[in-house]
There are 2 protein chains.
Amino acid sequence: MTKPEIIQNLINAYAEAYQNLGYSSLMGKIVALLIASPEPMSLDEISGELQMSKGPVSQIARKLKEHRLIEKVWIPGERKDYYRAVEDIFGQAFANYASSMRRNQRLGEEFEQLSKAVPAQDEQTRHLATRMNEMKLFYEMMDESNRAFLQNWRDNVKPGLEELQDEPAGKQS
Amino acid sequence: MTKPEIIQNLINAYAEAYQNLGYSSLMGKIVALLIASPEPMSLDEISGELQMSKGPVSQIARKLKEHRLIEKVWIPGERKDYYRAVEDIFGQAFANYASSMRRNQRLGEEFEQLSKAVPAQDEQTRHLATRMNEMKLFYEMMDESNRAFLQNWRDNVKPGLEELQDEPAGKQS
DNA sequence: AACAATATTTGAAAATTTTCAAACGAATAA
DNA sequence: TTATTCGTTTGAAAATTTTCAAATATTGTT
């Protein structure tokens with residue numbers, strides 16, 4: 001398999017994966033492209049490579065930047081914006097997911113309280129309170145597990161990987 | 001807040017949460033309804049409660065059953081199908097997610113190999129191999145963490161919760 | 001300040017997903 | 001066997017999301 005074919009396959013695989021996770025497939029394509037690129041890429045290069053007009057690419061790039069999966073880099077003497085994948089993109093994607101899961105914890109809390117506050121307690125309100133308590137507990141424990149995993153990755157594993165390769169250059173915007 | 005209002009809010013919250021996770025919002029509504037119901041519900045009851053025709057409800061219920069989030073129960077003397085949320089629905093939802101994450105691990109493996117197999121090794125192929133190796137390692141470790149968490153939940157925590165309440169009745173189909 | 005290059009926004013078109021109503025099929029009861 | 005009661009499938013309508021092309025805004029250069 002040739003290099004361009006591999007990259008195209010990676011782009012397709014990420015597009016599908018992001019789609020399955022409920023994001024737009026364009027998000028996955030941009031992420032794949034930037035993961036695969038040793039150098040930062042401009043908006044024009046990205047939309048050119050993906051055969052897509054600049055409008056959607058600009059919008060999705062902003063979202064990815066908000067989610068801290070990609071970042072702008074300043075290239076001296078250049079007027080264009082350049083993007084690259086952030087240093088710990090897998091860890092950051094995980095952190096985003098973990099954060100969205102904390103909403104479930106809060107939902108459990110909220111609805112446990114609400115169902116206990118109903119004046120006329122019956123079988124259903126008690127049942128709901130029990131379930132919601134279980135939900136709260138589950139996502140609490142899950143969050144603890146998630147935090148421990150991410151900290152271990154960032155403190156112990158990722159730094160070891162980084163030693164083996166060059167650090168990226170360029171100042172951020 | 002009255003009981004019907006609480007349940008409606010729960011349905012809306014789950015609809016939004018499922019939507020954000022990339023599933024149909026109807027999926028979330030059905031799950032919420034069955035989590036809130038102490039008794040199994042028939043297709044008609046579900047679609048009636050959600051004010052939705054039976055077609056989509058039937059299709060989505062099948063998907064939820066495939067994902068082992070809900071199950072059919074047999075009610076003696078009744079012709080209708082009855083559904084309820086499975087015993088450990090939060091754990092099962094997590095298991096489904098963990099399983100989908102294992103695909104990322106395989107992607108990392110696959111593309112690391114592919115990029116190493118390119119005859120003309122250059123900066124980009126080496127860069128890609130490094131990134132894909134990192135990806136593989138990250139999702140490997142994540143999977144270990146996920147398995148440990150789920151096992152702890154199922155072996156140590158969930159059984160303790162179950163002792164406090166009645167076990168469900170009815171045989172499965 | 002005026003111009004040139006680039007990025008973002010916008011409204012409409014295209015594509016996709018969701019939903020419904022009705023037809024169909026399967027299973028049970030009479 | 002026939003009728004009845006559900007569940008599922010299907011094709012089209014409705015709603016939503018994605019994408020584009022063009023207009024607008026922003027930034028840097030002269």
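Just so we're on the same page: letters track the sequence lines, and every chain starts at 1. Any value given below was found using the heavy atoms of this structure, including those in side chains, with hydrogens, waters and symmetry copies removed.
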Taking CD in B/Gln121 as the centre, count heavy atoms belonging to other residues, nucleotides or ligands within less than 6.0 Å. Is the count above 12? yes

Ignoring hydrogens and angles, tell me if any N or O in the side chain of B/Ser47 forms a donor-acceptor pair with the backbone of B/Leu43 under 3.5 Å. yes

Test side-chain contact (heavy atoms from CB on, under 4.5 Å) applied to A/Glu87 and A/Glu162, step by step: CA-CA 9 Å; A/Glu87 177 66 36; A/Glu162 290 312 311; 2.6 Å; yes

Whole angstrom is fine here: how far is it from CG in B/Asp81 over to C1' in D/dC6? 8 Å

For atom CG of A/Asn20 and atom P of C/dT16, their distance in whole Å: 16 Å

Specify the separation, in whole Å, of atom CG of B/Asp44 and atom C1' of D/dT8. 13 Å

Across the strands shown, which category fits A/Ser42 at heavy-atom distances under 4.0 angstrom: base, sugar-phosphate, nothing? nothing

A/Ile60 atom CD1 is separated from C/dA7 atom C1', nearest whole Å, by 15 Å

What heavy-atom pair brings B/Phe149 and A/Ser145 nearest, and what distance separates the two atoms? CB-OG, 3.6 Å

Rounded interatomic separation in angstrom, taking CG from B/Leu50 and P from C/dT19: 10 Å

Hey, does the side chain of A/Arg62 come within less than 4.0 Å of C/dT9's phosphate (OP1/OP2), counting only N and O? yes

Nucleotide-resolved protein contact map, nucleotides 20-30 of chain C, B/S/- at heavy-atom distance under 4.0 Å: B------BBS-

Closer to the 5' end of DNA chain D via nearest nucleotide, is it B/Gln19 or B/Leu43? B/Leu43

Rounded to whole Å, the OH-C1' distance (A/Tyr23 to C/dT17) equals 20 Å

Is B/Ser58 close enough to D/dT8 that one of its side-chain N or O atoms is under 4.0 Å from OP1 or OP2 there? yes

Could you state the atom-to-atom distance from NZ of A/Lys29 to P of D/dT19 in whole Å? 7 Å

Is the shortest side-chain heavy-atom distance between A/Glu112 and A/Lys116 below 4.5 Å? yes

Criterion side-chain contact (heavy atoms from CB on, under 4.5 Å) against A/Ile46, the qualifying member of A/Lys54, A/Lys29, A/Met41: A/Met41

Look up atom CG in B/Leu69 and atom CG in B/Asp88, then write down how far apart they are to the nearest 0.5 Å. 10.5 Å

From the set D/dC6, D/dT8, C/dA7, return the single nucleotide nearest to any side-chain atom of B/Lys80. D/dC6

Taken to the nearest whole Å, CD/B/Glu45 to C1'/D/dC6 is 13 Å

